[in-house]
Amino acid sequence: MARGRKINSNGERSKQLLLNKAVDLFSEKGYHDTKISDIVKAANLTQPTFYLYFKSKQSLYNDLNKSFQKGFTEIMTINSEYSDEIVRGIEGFIKTLEQKLCLLFVYIIENPKLTKIGLFESEQSYQIKSQLSQQFIHLIYRHDCERFFQLIEVDVKTLADSLVGSFERLIFTNLLEQKRKPSELAEDLVKLYFIRNDKYDMIQRQFQLEN
C-alpha cells in the first residue's frame with residue numbers, strides 16, 4: 001500500500017477520498033476506461049499522492065473488491081460464534097436466512113456503486129458469489145437441516161447456487177430500481193424457495209419418527 005510512509009489521519013482521509021472517487025468513476029466508466037489521472041483529478045489530489053497508497057490502478061480496484069467482500073462476509077458470519085443461540089431445524093434456518101438476506105439487500109442499497117463493481121463487473125465477482133453460496137450451505141449445516149433437504153430430495157449445493165442466482169437477479173430487477181424494500185424482497189425470496197408451514201411440519205414429523 002504505502003511506500004514506507006507512516007499514514008496519519010490526513011493520509012487516511014486522502015486514501016479514502018481516492019477510493020470514493022474511484023468507486024464513482026469505475027461504476028460510471030468501467031475499469032478499463034478509468035485512468036489514474038481521472039481518479040486523482042476527481043479527488044483534487046496529485047498522482048504522486050496516489051502512489052503513496054496504491055501500487056497501481058489494479059491494486060486500488062482490488063481494495064474495493066475486498067471492501068465489498070468484507071461487507072458480505074461480516075453479514076453472513078455475524079453471531080456465528082454464539083452457537084448456543086442457534087435455533088436448530090428448518091424454522092430456525094428459514095428465519096436466519098431471511099434476516100441475512102434482508103441485511104445483504106440493505107448493504108447493497110447503501111453501497112450501489114460498490115455493488116456494481118464487486119458483484120457484477122469485477123473478475124472477483126464469481127468468487128464472491130461462490131463464497132456466498134458456500135455461506136448459505138454453511139447456514140443449512142449450522143441449523144442441522146441437511147437431513148431435512150435429503151428427505152425432500154433437494155441437493156443443498158443446487159439450492160444455494162439457485163438462491164444466489166435469484167438474489168442477484170432481484171438486485172437488478174427490484175432492489176436497485178427501488179421497486180421493493182429489502183425486507184419485502186427477503187421475505188418473498190424465502191417464500192419462493194421454501195414450502196409452507198403445514199408441508200414442512202409434515203416432513204419434520206416424518207424425520208422425527210425416523211429418529
Side-chain angles (χ1 to χ4, degrees), residues 1-81 99-136 164 167-186:
M1 186 175 60
R3 295 183 176 179
R5 172 183 168 179
K6 183 178 180 181
I7 301 176
N8 55 27
S9 59
N10 288 332
E12 285 296 338
R13 281 195 293 270
S14 295
K15 179 185 177 184
Q16 191 58 50
L17 182 58
L18 288 165
L19 288 166
N20 292 343
K21 295 302 180 182
V23 168
D24 293 340
L25 290 166
F26 287 143
S27 65
E28 178 185 344
K29 301 171 64 175
Y31 175 81
H32 295 292
D33 289 333
T34 299
K35 301 176 182 178
I36 291 176
S37 58
D38 297 328
I39 298 170
V40 297
K41 182 180 180 180
N44 197 27
L45 295 171
T46 65
Q47 210 146 307
T49 300
F50 177 93
Y51 287 109
L52 287 172
Y53 310 111
F54 307 102
K55 293 180 179 179
S56 62
K57 183 176 73 170
Q58 183 65 52
S59 70
L60 183 152
Y61 197 69
N62 290 341
D63 276 10
L64 292 176
N65 278 287
K66 288 176 184 177
S67 176
F68 179 79
Q69 184 174 355
K70 180 182 178 183
F72 262 39
T73 301
E74 286 177 351
I75 290 169
M76 292 303 297
T77 58
I78 190 170
N79 294 333
S80 62
E81 66 272 24
Q99 291 171 345
K100 299 289 186 184
L101 287 170
C102 184
L103 289 171
L104 288 171
F105 282 135
V106 169
Y107 177 76
I108 288 164
I109 280 289
E110 292 175 348
N111 301 276
K113 294 179 180 179
L114 190 60
T115 296
K116 184 179 179 183
I117 295 168
L119 194 61
F120 299 120
E121 295 183 349
S122 74
E123 293 180 358
Q124 294 95 325
S125 63
Y126 175 81
Q127 179 184 357
I128 290 172
K129 283 176 272 194
S130 178
Q131 289 177 350
L132 184 59
S133 178
Q134 289 299 317
Q135 287 162 341
F136 285 147
V164 171
F167 170 78
E168 181 182 6
R169 183 61 182 166
L170 286 175
I171 294 169
F172 265 129
T173 60
N174 285 266
L175 192 65
L176 295 180
E177 297 291 328
Q178 298 185 350
K179 294 179 180 178
R180 305 294 301 281
K181 295 178 181 178
S183 59
E184 294 171 342
L185 284 177

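These values consider heavy atoms only, across backbone and side chains, with no hydrogens, waters or symmetry-generated copies.
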Using only atom types and a distance under 3.5 Å, with no angle test, would you say the side chain of Ser67 pairs donor to acceptor with the backbone of Asp63? no
For [X] and [Y], work out which heavy atoms get closest and say how close.
X      : Y      : answer
Leu19  : Leu64  : CD2-CD2, 3.8 Å
Phe26  : Ile39  : CZ-CD1, 4.1 Å
Leu17  : Ala43  : CD2-O, 3.2 Å
Pro182 : Leu175 : CG-CD1, 4.1 Å
Leu45  : Ser14  : CD1-O, 3.8 Å
Pro112 : Leu176 : CB-CD2, 4.1 Å

4.5 Å side-chain heavy-atom contact, [X] and [Y]:
X      : Y      : answer
Gln135 : Thr73  : yes
Tyr107 : Ile75  : yes
Gln69  : Asn65  : no
Leu101 : Phe136 : yes
Leu132 : Phe167 : yes
Val40  : Thr46  : no

Approximate separation, where rounding is to 0.5 Å, of [X] [atom1] and [Y] [atom2]:
X      : Y      : atom1 : atom2 : value
Thr34  : Leu60  : OG1   : CG    : 10.5 Å
Leu52  : Lys15  : CG    : NZ    : 11.5 Å
Phe68  : Leu119 : CZ    : CG    : 4.5 Å
Leu114 : Ile108 : CG    : CD1   : 10.0 Å
Gln58  : Ile36  : CD    : CD1   : 10.5 Å
Ser37  : Phe50  : OG    : CZ    : 10.5 Å

What residues, two or more places apart in sequence or in another chain, satisfy side chain to side chain donor-acceptor pair (under 3.5 Å) together with [X]?
X      : answer
Ser125 : none
Ser59  : none
Glu168 : Lys129

Check: Got a sec, which pairs hit salt bridge (Lys or Arg N to Asp or Glu O under 4.0 Å) with one end in residues 31-47, sequence neighbours left out?
Finding: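 Checked against salt bridge (Lys or Arg N to Asp or Glu O under 4.0 Å) - neighbours excluded - the pairs reaching residues 31-47 are Lys29-Asp38.
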The complete set of salt bridge (Lys or Arg N to Asp or Glu O under 4.0 Å) pairs with one or both residues in residues 109-126, sequence neighbours excluded, reads Asp24-Lys113, Lys116-Glu121
Practice item. Classify the angle between the aromatic ring planes of Tyr31 and Tyr61 as parallel (below 30°), tilted (30 to 60°) or perpendicular (above 60°). Key: tilted
task = Answer yes or no: are there more than 12 heavy-atom neighbours, outside Lys57 itself, under 6.0 Å from its atom NZ?
result =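 Above 12, so yes.
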Which pairs pass side chain to side chain donor-acceptor pair (under 3.5 Å) with one or both residues in residues 169-180, sequence neighbours excluded?
->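 Every side chain to side chain donor-acceptor pair (under 3.5 Å) pair that includes a residue of residues 169-180, provided the two are not neighbours, is Arg180-Glu184, Arg180-Asp188.
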Going through the distances and angles, do Leu18 and Phe54 end up as a side-chain contact (heavy atoms from CB on, under 4.5 Å)?
CA-CA 10 Å; Leu18 288 165; Phe54 307 102; 4.0 Å; yes
